S.K.: 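First the structure, which I've put down as structure tokens, then a few questions once you've had a look.
As the structure is a prediction and not an experimental result, all values here were calculated from the model.
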Amino acid sequence: MTDNEKVALVTGASRGIGLAVAQALVARGERVVITGRDAASLEQAVEQLGGPEHALGIAGKSHDEAHRAEVVDRAMERFGRIDNLVNNVGTNPVFGPMVDLDLSAARKILDINLVSTLGWVQLVHKASLRERGGAIVNVSSVSGLGPAPGIGMYGASKAALIQLTQQLAYELAPSVRVNAVAPAVVRTKFAEALFAGHEEQVAATYPLKRLGVPEDVGGAVAFLLSDQASWITGQTLVLDGGVTLGGFA
């Protein structure tokens with residue numbers, strides 16, 4: 001590994017958007033550390049990324065402080081640096097109106113989608129970014145840009161994540177850039193309930209007439225982490241096939 005090869009930590013990367021981000025980064029020569037809850041899925045993802053020479057997978061729950069500490073410690077032991085951080089982990093275990101939401105579920109959503117993100121940033125900044133500089137991308141959602149019927153608490157957590165992105169961008173500049181992406185519906189297992197069985201009807205509401213795929217997000221995240229985006233910080237890039245424009249045929 002040469003001094004020019006960057007290292008990225010991508011959470012929730014055993015499949016879907018996180019794996020697509022990791023693939024985009026490995027394709028341009030970066031090493032990646034990926035996390036996920038299932039060890040077997042992570043092992044498969046590491047193989048898809050080119051094996052242990054290119055990727056290190058560490059299983060655990062993102063909202064577990066001990067897991068976060070282990071990941072950062074092992075990344076530093078293995079590679080000696082972390083240049084980029086992608087906070088992709090998210091959860092939405094409930095569906096329905098906010099007035100009926102169990103508050104324990106609300107706390108879980110915020111803990112995983114928001115608080116754990118701050119926890120990752122704190123650890124990675126202390127371990128490497130504070131000294132070396134780098135870039136962070138948080139994966140938000142279009143549900144954080146306005147009312148999200150049925151997934152209101154998820155949307156609230158993603159709106160808070162956008163504000164957290166702006167706050168961190170302000171505090172960590174000039175050495176660390178912090179941005180976010182806000183995808184609409186992407187064809188992943190996580191979002192399956194939003195399109196399964198009626199994908200054509202859902203896609204018809206998008207000006208580009210298709211749902212997103214993980215690679216759409218992976219490429220955008222890779223750009224925001226790159227030197228080509230060196231004058232971009234505190235921004236949220238909306239990746240939505242035009243659905244938030246409101247001008248549907």
S.K.: Testing the basics here: between V89 and K158, what is the closest heavy-atom pair and its distance to 0.1 Å?
M.R.: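 It is O-NZ, 4.4 Å.
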S.K.: Do we see a donor-acceptor contact under 3.5 Å between the side chains of Q48 and Q44?
M.R.: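 Result is no, nothing qualifies.
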S.K.: Listing request: all salt bridge (charged side-chain N to carboxylate O under 4.0 Å, His left out) pairs with a residue in residues 54-73, at least two apart in sequence or in separate chains.
M.R.: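 Pairs touching residues 54-73 that pass the test: E70-R74.
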S.K.: Which value, rounded to the nearest 0.5 Å, describes the distance between L9 atom CG and N84 atom CG?
M.R.: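 Reported to 0.5 Å precision, the distance equals 10.0 Å.
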S.K.: Got a second to check how far I112's CD1 is from S157's OG, nearest 0.5 Å?
M.R.: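 One gets 10.0 Å once the value is rounded to the nearest 0.5 Å.
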S.K.: Salt bridge check: are D216 and R210 linked by an N-O gap of less than 4.0 Å?
M.R.: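 Looking at D216 and R210, the cut-off is met.
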S.K.: Which one of V21, L19, V139 satisfies the side chain to side chain contact (heavy atoms under 4.5 Å, CB included) criterion with N88?
M.R.: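 Between N88 and the candidates, side chain to side chain contact (heavy atoms under 4.5 Å, CB included) is satisfied uniquely by V139.
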S.K.: Should we count CD of E215 as having more than 12 external heavy atoms under 6.0 Å?
M.R.: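 Atom CD in E215 is crowded, with more than 12 foreign heavy atoms closer than 6.0 Å.
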S.K.: Taking transitive links into account, so neighbours of neighbours count too, which hydrophobic residues share a cluster with V142 at under 4.5 Å side-chain distance?
M.R.: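 Other cluster members: L145, I162, V238.
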S.K.: State, with a plain yes or no, whether a side-chain heavy atom of R78 is found less than 4.5 Å away from one of P52.
M.R.: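 Heavy-atom side-chain distance check passes, below 4.5 Å.
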S.K.: In the structure I gave you, are the side-chain heavy atoms of N87 and V137 within less than 4.5 Å of one another anywhere?
M.R.: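 Of all side-chain heavy-atom pairs linking V137 with N87, none is under 4.5 Å.
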S.K.: Within a radius of less than 6.0 Å around CD of E171, do more than 12 heavy atoms belonging to other residues, nucleotides or ligands occur?
M.R.: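 It does: E171 CD has more than 12 such atoms within range.
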S.K.: Using atom types as modelled and distance alone, determine if a side-chain donor or acceptor of R177 lies under 3.5 Å from a backbone N or O of G134.
M.R.: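 No, the answer is negative, given that no donor and acceptor are paired below the 3.5 Å cut-off.
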S.K.: Measure from the side-chain N and O atoms of N113 to the backbone N and O of L110, and report whether any donor-acceptor pair falls under 3.5 Å.
M.R.: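 Not confirmed, N113 side chain does not pair with L110 backbone.
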S.K.: Find the distance between NZ (K6) and CZ (R132) and round it off to the nearest 0.5 Å.
M.R.: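 Reported to 0.5 Å precision, the distance equals 10.0 Å.
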S.K.: Closest approach of F79 and V32, non-hydrogen atoms and distance?
M.R.: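 Reported closest heavy-atom pair: CE1-O, 4.4 Å.
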S.K.: Taking side chain as C-beta onward, heavy atoms only, is Q167 less than 4.5 Å from Q163?
M.R.: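 In short, these two side chains touch, coming nearer than 4.5 Å.
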S.K.: If we only count heavy atoms from C-beta on, is the I136 to W120 side-chain gap below 4.5 Å?
M.R.: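 Side-chain contact under 4.5 Å: no.
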S.K.: V33 versus I58: any side-chain heavy-atom pair under 4.5 Å?
M.R.: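 Yes, side chains in contact.
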S.K.: Testing the basics here: between P214 and G16, what is the closest heavy-atom pair and its distance to 0.1 Å?
M.R.: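 Scanning both residues completely, I find the closest heavy atoms to be CB-O, 3.6 Å.
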S.K.: Taking the side chain as everything from C-beta on, heavy atoms only, tell me whether T244 gets closer than 4.5 Å to Y206.
M.R.: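 No, side chains not in contact.
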S.K.: Checking the side chain of R31 only, and the main-chain atoms of E53 only, is there a donor and an acceptor separated by less than 3.5 Å?
M.R.: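 Confirmed, R31 side chain pairs with E53 backbone.
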S.K.: Shortest non-hydrogen contact from P149 to F95?
M.R.: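 Closest pair (atom of P149, atom of F95, distance): O-CE1, 4.2 Å.
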S.K.: Would a distance-only check, ignoring hydrogens and angles, find a side-chain to backbone donor-acceptor pair under 3.5 Å from T11 to T35?
M.R.: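 Side chain of T11 to backbone of T35: no pair is present.
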S.K.: Are V181 and L224 side-chain neighbours, meaning at least one heavy-atom pair lies under 4.5 Å?
M.R.: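 The answer is yes, as the side chains (C-beta and beyond) meet within the 4.5 Å cut-off.
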S.K.: List the atom of I109, the atom of P93, and the distance in Å for their closest heavy-atom pair.
M.R.: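 For I109 and P93, the tightest heavy-atom pair comes out as CG1-CD, 3.6 Å.
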S.K.: If only atom types and distance count, is the side chain of D38 paired as donor or acceptor with the main-chain N or O of S41 below 3.5 Å?
M.R.: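 Indeed, once roles are kept as given, a pair shorter than 3.5 Å links the two residues.
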S.K.: Quick check against the 3.5 Å criterion: does R81 have a side-chain atom that pairs as donor or acceptor with the backbone of L129?
M.R.: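 Absent.
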S.K.: Got a second to check how far L161's CG is from Q166's CD, nearest 0.5 Å?
M.R.: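 Reported to 0.5 Å precision, the distance equals 10.5 Å.
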S.K.: V94, M98: one ILVMFWY side-chain cluster at the under-4.5 Å cut-off?
M.R.: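 Linked within one cluster.
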S.K.: Got a second to check how far L245's CG is from D240's CG, nearest 0.5 Å?
M.R.: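 Here the rounded value is 6.0 Å.
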S.K.: Roughly how far, to the nearest 0.5 Å, is NE2 of H125 from CD1 of I82?
M.R.: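 Going from CD1 on I82 over to NE2 on H125, the span is 12.5 Å.
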S.K.: So do I34 and V46 actually touch side chain to side chain, heavy atoms under 4.5 Å?
M.R.: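 Yes, their side chains come closer than 4.5 Å.
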S.K.: Tell me yes or no: between the side chains of T165 and N138, is some donor less than 3.5 Å from an acceptor?
M.R.: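 Side-chain D/A pair, T165 to N138: present.
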S.K.: Could you tell me which non-hydrogen atom of S140 sits nearest to which non-hydrogen atom of P183, and how far apart they are?
M.R.: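 S140 and P183 have their closest heavy atoms at O-CD, 3.3 Å.
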